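Let me begin by presenting the structure, written as structure tokens, before commenting on it.
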Amino acid sequence: MSRQGRPQDTRKVSGELFSLTYGALVAQLVRDYEKDEEVNQQLDKMGYNIGVRLIEDFFARSQQGRCHDFAQAADVLTKVGFKMFLGVVPTVANWSAKGDEFSLILDQNPLVDFVELPETHQGLLYSNIICGVIRGALEMVQLEVKVWFVQDQLRGSDSTEIRVKFLKKLEDAVPAGED
Amino acid sequence: MTIYNLYIFDRNCSCLYYKEWTRQKEAGIPREEEFKLMYGMIFSLKSLISRLSIISAKEGLVGYTASNYKLHYFETPTGFKFVMNTDTSVGNVQDVLRHIYARIFVEYVVRNPVARPGEHVDSELFAAKLDDYIQDLSFK
Amino acid sequence: MAAVCVAVISKQNFPLYLRSVNPQNEADLQFQYLVHASIDVVEEKVSTLGTPKAGQDPREHYLGLLYPSEQYKVYGYATNTRVKFILVVENTTSQSRDTEMKMLFKNLHVAYADMLCNPFYTPGQKITSRTFNNAVSSIFQMSKGFTSKE
Amino acid sequence: MGIISVYIVSKAGGLIFSHDQPNTSAEVEATFNCPLGLVLEEVDRQVVVKYGEKHGIQVGYSLVALNGQPVANRCIPDGTSAMTVLTNPENYPVSLKFARLRVSINERIMLLSMFHSIYAISVKLSPAKHSSGIQCLEADSFKFYCFQTITGVKFIVVADNKQQKVEDLLKRIYELYADFVLKNPFYSLDMPIRCEHFSTNLTRFIEEN
Amino acid sequence: MSTSLRFLEELLQPPRCLVAMSGLDVRNNAVHRAVWDEFTQGGRRSERKPILYRNMPPDHLYPKTSEPTNYEESKPLGVLKSNWLRKQCLEVPSLVVFFFDLDWDESQWEEKETECASKIEVIRAALEGRATEIVIVLLQTTPPIPVGDPSSLTSERATALCSLCGLPRLNLFALPFTDRPLGFIIRLEDAFYKKSLQYYSHEISKIKAHKEIVMKASPSHPLLLRHQFKIAFYTEMKEEPANALKLYQTAYNHLLDSMFLSEDKIMEFKLIAGFLSYKICQLCFSEDEPLSAIQQFRRHVDRFGKEQGTRPLSFQHHEWMSRQFSAFGDIFSEAVKRGLKAIQTQNPGMYYHQAAMSAIARKKLSHNLCHEASITPPSELATPPETTYYGQRPWRVGLTDDLPSSKEKRLTYIRTLQAQEFKIEHSWLIIPLLSKAVSYFKNHNSERMISHLKVLMGEEYYQVKEYEKALVLLRGVVEVYRREQWWKTLSSVLQTLLRCAYLLGHLQDYFLFSMELISYYIPISTEEKTRIQHNALALFSGQAPDPEPGVPHDVQVSAYQLWADEKNSVQPSQFTVQASSAACFIECKTVFSQSSVLADSPIQLHIYLRSSAPLPVSLTKLVVLFYQEEYNKWCLVGEPFTLAPCLAKNFAFSFPVVQSSVGDRLEVHAVEAVMGEEGGREVTMVWSNGVSERFTSLPQDPAWRKIRVRNSTLIKPRVPGLELGVDHGNPALTSEYFPLCVSVASCEPRPLRDLVVSLSLTDKITVDGKNTAELYGAIPLTPTAHHKKQSLELFFDSLDPGAKISENVFLSTHTIGERTLAINASYSVDGVVREEWEPVTCVCQKSFSFPVSTVKPFDVTYRLMSTKFKVIDAVSFDEPFIWSPRYTACRHGNSTSTTPVWICRLM
Amino acid sequence: MSVTTVQAETSQCLFEFLHMEIVSQLQQEAGPDKKGEVQQRLESLGHRVGESLVERTSRDHPRFKNELDAVVFMCKQFWVTAFNKNIDNLKTNHQDTYVLHDNAFRLLQHLSEGNQYREEAQTYLSFACGLLTGALSNVGIKCQVTAEVTKMPACTFQVKVLL
């Protein structure tokens, strides 16, 4: 068994299947769709569906309770969520004045370890699935948010920045016949 | 301990799963009605509590005791609601319900690719795992 | 010892990548021929799982010196996926240590494996990756660094 | 103090008696800069925190004072709604006082009639034979005890988790009710209870415990 | 000068003891001749000794000995006298044998005796100062005195003769001349050999003595090297290879340590080192230590490889290197001939290859360095004199440094050497080395290495204007590079080929190479491609192509001529090229629209052509050929068309099915496109199977990539428009004429012709080989043999649309059981595929099979009863009983009928 | 659970969710009863992943002695890298067929322990089939891989080497 002894490597190894599969998926989509925008949308959509399930797994693993504050939510999202699944902890930064908007800054993004964007697809938001996941996950905890890429290492920026905007607090569904 | 039955609701009032073990009495109405009624009651109790609380509106419902049975309630941050009825001898079973959620529901429903979110749970595997768990609880 | 040319050759012996230190000079073409010719030896060694020399594991990726010529020494390396790496180093009188060659190849192999993981790369096609190119450049650098024993 | 409130509900579900222990309900005053950072919402005649937490102000707190002026009915004395004030950045910084308010009397009536029907449902939904309805409703930090007499009158005590032996306590209240209310010739059944004796005795009795 | 860099002849062969023969008149005296021959090429080689015989007249003057020098002060001027080896091998004999015709019973004994003595005297004089011994061999005609008879006369005269000549008795031999002298000869030779060994041992000890003295003088005295060399060489002469090897090695090591490499000394040391190394390697191989030989050689070239020497003469260094390599190649291959096992990574070829590479390097240098000198050669092109010491620069002779004069001298010599060097046609040195290399690599499946060598050879041939040779050679390697898609190398080869083709005026080759050079795959500049394509296209307007850049002017002229001739040649030059096997600039894809077509629907076929050349190409004709020739007429584009650069052109064809091919798979055999017009130059490019998908490196054109090739389609029969039915009341009864009503209804839009319905029994039941069922067209009045059929056919000549006919046939079976009948209707009908095509006549078939079971007509069962209607199983004599039969018809649900009972009695 | 195993776990389930989603997307695109198409596309995805993954996992593994050696590698290191577990059992007819048996295949674990969803299950093996063909073809073994659900979550992969 020639497993590398380096501990952070083992995470990589186990993460490889995921990032490679994701890569294959993106490449496939790029082949299938004409426009990069369509691909980005598709990725976001898929991300959403994943987020919806992933959040459950997250709560199952962590003892987290529901957040009643956006800042707190951001904190949990990065320190627990990202750490747990991607093994990285983005820094939360650039809070908007209204406190309803913040940026996740990843200086290292496991998804793009091996990726090099082809010149012909500079419009592609390779990791856009993350946005979808965040959106889906937060929606499950009654937070409607907008998530989008601000900058991407793949496109030359030195760090990856994802912007999250709080839209509104959703209510529990009211059963029929109640007011 | 005696466990009568278990309801699992999702955030949109629909009962994803119902299972009874030693239920002694029927409500005398169609199941679907019963589910609606149960969800309604839970919903009202929640709002009752959140209003009556003098500390904050975050108050969570834990359950209630009636003369002959006890209702236990557990809700996930994502709005899944687990309602379990037992005999009155039973103490706090929050962790039991949590276990059902984290170790059984998530494992075999959420992570079951075939089960679509919001659909009624018909995974035999889930049912089996749940039953095993409940069974050996009952012996304790 | 200084590496002057690095080549990656596919299963089917297509040249996936061939770069010499200074591509413009006409030696470049010469390397093309040299590397291509050395495939003969690689195939020989791989097919017979190498001629197990003293203390050399026949199943090792590193194939050692393929072809000593007056100007250059050609070294070879074969992965489990039948991809071949060729390193051409200047033939100083001094012997270049196998350990060093192995290290160079290992780096090359790592770089190649990562490159292959780029989802936008189609296996079997020419390698154009920037990252890989950089890796190769640093291999050239490293090889210069090696002090060789007489 | 363990006991928070005592309610009596007629068998028709009407609230006929209610007693709240005067309690120093949580109050927070703080100065805020724009943006506020709390999501407020107007719920029946009150401005309530819907989302976000700051300076110990929690979800469900309502705005009681704005720059010292009391906020009543969502408005400051001059009649301008608090929300309009808060939405205008010029008005910042602003000092706000939030408090966890007791439920209004009407709401209380509504809630308890709701409980009355829930009680019935809880009987209906009982998986066990001949069970009563809810006797003790449990929340994170307090309990809601309910004792229903054969005649269908409900005696309700809301107490925090520390409070012991609420059941007996309820019995005693029932006795008090029997002594001071039922025996009062002027009291007609199911009508709101207005007997000094009863309330005074009740209060005393609660103090004792 | 460069010639002196050659290995000396004497060095290459293992040395042999030198024995001089004297007094033999080989030319005139038959006996002498015979004797000489016996010694030099007589038989029994295995027993013979390594001796080199030289015949010298008795008065021959042997080289003088150099008077012993006093080593203390003398400075040696060089390592090795350039004539020393030669002297040892050919001039200074280790022994002189004097032949003299003299019988013991010679009548004038005294005269002869003195004559002999005087001759000996002369020889001895000539050998003044040498340790060389002299022996006398008396050639005697009389048979030898029988052994054991101590003839006083013989011994007497022998001793006398010896004393007179001043030789010991042992130096006298007698060779009685008989018809088989070999025995004697060999015995003599042994004797000689002993003596010459003594001589060489003596020489060695002499040098050793000197060495001692020198050693005392200084342990690093330059002379030591010379001594070591000589000792080693003598030892080798003495046939002691092991020792010789050791000695050479010590010499070599000594050289490495003691060497001081001043500008001009380098050459000398390099040469000597070369000698020693050569000897060492040679001996290692013969001592069967190939590895140490190789090791020594590597060490040698690694050490001296960097000693370029003086810049203006550095080409000499590469010449030297080249010689080292090729010499080693030679001894290596010698060893291989002797049975040494060479491997791919260690075979003589490698060394010849290296020799060639050095030679090429030399060539480059000499072109750079010597050009100038060749234009203005030094005034007196006197070849410098042989130097006394091996490998020394002529200008060093008796040199006292730094005199302006000697500087001057030096320069002229250098220029002279350069001028000479420049005259050499190096390619002719390089090519043989390369071809040797090739011949060795052939044994070690090294196709690629060989191609590389061939490329080098080709280039050399090209430079010496052997274009035909170059062409043949290079054409052979093209496929190797093409197959593995080494486009860079391929393009360089092709470019040379193109030049050759141009210079030779080969039209076809010229096109072939251009066709590939201008394709997408070849990594050369667009300008270059444009130029080439321009030339290629010019061919078809009858012009001659412009000369390729860089071809020498002198040959261009002839090329013009060649092209002119080609043009004026009587018959137009038409040829065909296999585009699909090359990296042709036009690519082709063939696509049938459907994977299968029905006989009455049109076949759709698309041919895509795409040119990756920079300029548009116009073609005059396009043909698609199928494996089924009958289709060939359909797909043909007669009028010229043009392919724009990198733009796929689609040719759509649609044609009807040829009915005879229904059921086959229609397959494209080839697509052919023609350039140029009838009568003129015309090339047909052929894509076999209509595809050129040989190479994986795809053009950057996704649209083209997306086109999926489908070069065959299945032709399915037309769907029959016919209803076919058989009515019958299964089951049949044995031996009845069971009626089957066959009905046919047409749903075809057109009348159908020659409709044939055939009915046959497939799985038959036979009883002892006879069929137990027959079919009848009609119930025969008298069943005769010719009515009985296992199958029968009903002919209806035609049937109109919507018409329905039916007819009865009969099956008669003799045994019960299940039988299967097959019914099949076939007819032909005209189908119109397209209005513009004449209607096709399709043949349609419809068939199915069905079971018919045969049963007994009826069953009879009965019961026996007593008169009291009690069922009994036996009846008794003379007692009435009741017999009650029961008949059951087997067809149609066992309807039973009971007849009245019978009262019976047995009596 | 050690940190790394937790992360191995989580990234595993991350993969599962991704795979899950890919499947449902493909199913939506393909429409009903286009199972073959879906499986085929999953395979081609897996193929590409397999190619890359094996390059990395086999990096430090000595050159394969023979075919069997390579297949064994797939059952061990390769499978572990992919699914954090070994193939439980390998059978071969020593000609051209290998049967890899996984007693608890990752992508079936949450599905069933009996015959429920048997139909659907097939689709969840396609990716792994592709993974194997990709990996094997990259180490120079051209083959066909077919998977079969035995009793979930167990399943077998049959590798048929093409000559």
Side-chain angles (χ1 to χ4, degrees), chain C residues 7 9-20 23 26 28-48 50-51 53-54 63-76 84 86 90-95 122-128 150, chain E residues 294 297-299 301-307 318 321-322 324-325 343-346 350-351 353-361 364 441 444-456 459 477 480-493 495 523 695-698 700 705:
Chain C
I9 291 158
S10 81
K11 287 188 186 46
Q12 310 89 331
N13 295 332
F14 305 155
L16 297 182
Y17 183 90
L18 193 150
R19 176 171 155 213
S20 56
E26 39 71 56
D28 203 34
L29 183 60
Q30 191 189 338
F31 287 132
Q32 294 267 352
Y33 284 111
L34 197 62
V35 172
H36 182 258
S38 61
I39 296 176
D40 288 334
V41 187
V42 173
E43 292 210 319
E44 180 86 3
K45 290 199 171 193
V46 171
S47 65
T48 61
T51 43
K53 292 203 199 63
L63 301 176
L65 180 64
L66 300 181
Y67 189 74
S69 85
E70 208 201 318
Q71 286 161 286
Y72 304 113
K73 287 211 179 87
V74 185
Y75 292 82
K84 305 155 190 82
I86 305 285
E90 260 163 4
N91 187 358
T92 50
T93 58
S94 57
Q95 294 260 313
T122 323
Q125 293 302 306
K126 289 230 170 301
I127 298 172
T128 53
E150 272 300 322
Chain E
I294 291 164
F297 182 70
R298 278 249 70 88
R299 171 172 174 235
V301 287
D302 285 348
R303 174 64 187 81
F304 289 95
K306 35 186 202 326
E307 303 300 347
H318 292 282
M321 285 298 271
S322 174
Q324 302 301 307
F325 279 112
I343 58 167
Q344 186 191 43
T345 44
Q346 270 306 339
M350 283 173 56
Y351 297 92
H353 177 204
Q354 289 312 308
M357 295 314 281
S358 311
I360 291 170
K364 286 211 185 66
F441 275 108
H444 302 287
N445 55 13
S446 307
E447 187 189 25
R448 298 176 188 80
M449 174 52 81
I450 289 168
S451 335
H452 179 201
L453 297 168
K454 283 183 174 169
V455 170
L456 294 171
E459 298 290 343
V477 306
V480 175
Y481 293 113
R482 192 195 281 134
R483 194 179 57 233
E484 297 187 338
Q485 303 185 22
W486 285 67
W487 303 120
K488 275 225 177 84
T489 45
L490 178 62
S491 50
S492 81
V493 173
Q495 278 165 312
F695 306 113
T696 55
S697 42
L698 339 133
Q700 302 309 349
R705 210 183 310 158

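All of these numbers come straight from a predicted model, not from anything done at the bench. Chain A is the first sequence line, chain B the second, and so forth, proteins listed ahead of strands; every chain is numbered from 1. Because only heavy atoms are used, hydrogens play no part in the values below, and waters and symmetry mates are left out as well, while side chains stay in.
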What part of E/Val493 gets within 4.5 angstrom of chain C, counting heavy atoms only: side chain, backbone, both, or neither? both

Let's test your reading of the structure: which of E/Arg299, E/His353, E/Met357 forms the most heavy-atom pairs below 4.5 Å with chain C? E/His353

Please give me the minimum heavy-atom distance between C/Gly76 and C/Ile86, naming the atom from each residue. CA-CD1, 4.4 Å

Whatever's closer than 4.5 Å to a heavy atom in chain E on C/Leu66 counts as backbone

So for C/Tyr33, is it side chain, backbone, both, or neither that comes closer than 4.5 Å to the heavy atoms of chain E? both

Identify which part of E/Ser451 has an atom lying under 4.5 Å from any heavy atom of chain C, answering side chain, backbone, both or neither. neither

I'd like to know if E/Arg448 pairs up with E/Glu484 as an ion pair, taking the criterion as any Lys NZ or Arg NE/NH1/NH2 lying under 4.0 Å from an Asp or Glu carboxylate oxygen. yes

Is E/Glu447 paired with E/Lys454 through a side-chain N to carboxylate O contact shorter than 4.0 Å? no

Output yes when a side-chain donor or acceptor of E/Ser322 lies under 3.5 Å from a complementary backbone atom of E/His318, and no otherwise. no

Quick one: of C/Val35, C/Leu34, C/Leu18, C/Val41, who has the most non-hydrogen atom pairs under 4.5 Å with chain E? C/Val41

Show your reasoning for whether side chain to side chain contact (heavy atoms under 4.5 Å, CB included) applies to E/Tyr481 and C/His36. CA-CA 9 Å; E/Tyr481 293 113; C/His36 182 258; 3.2 Å; yes

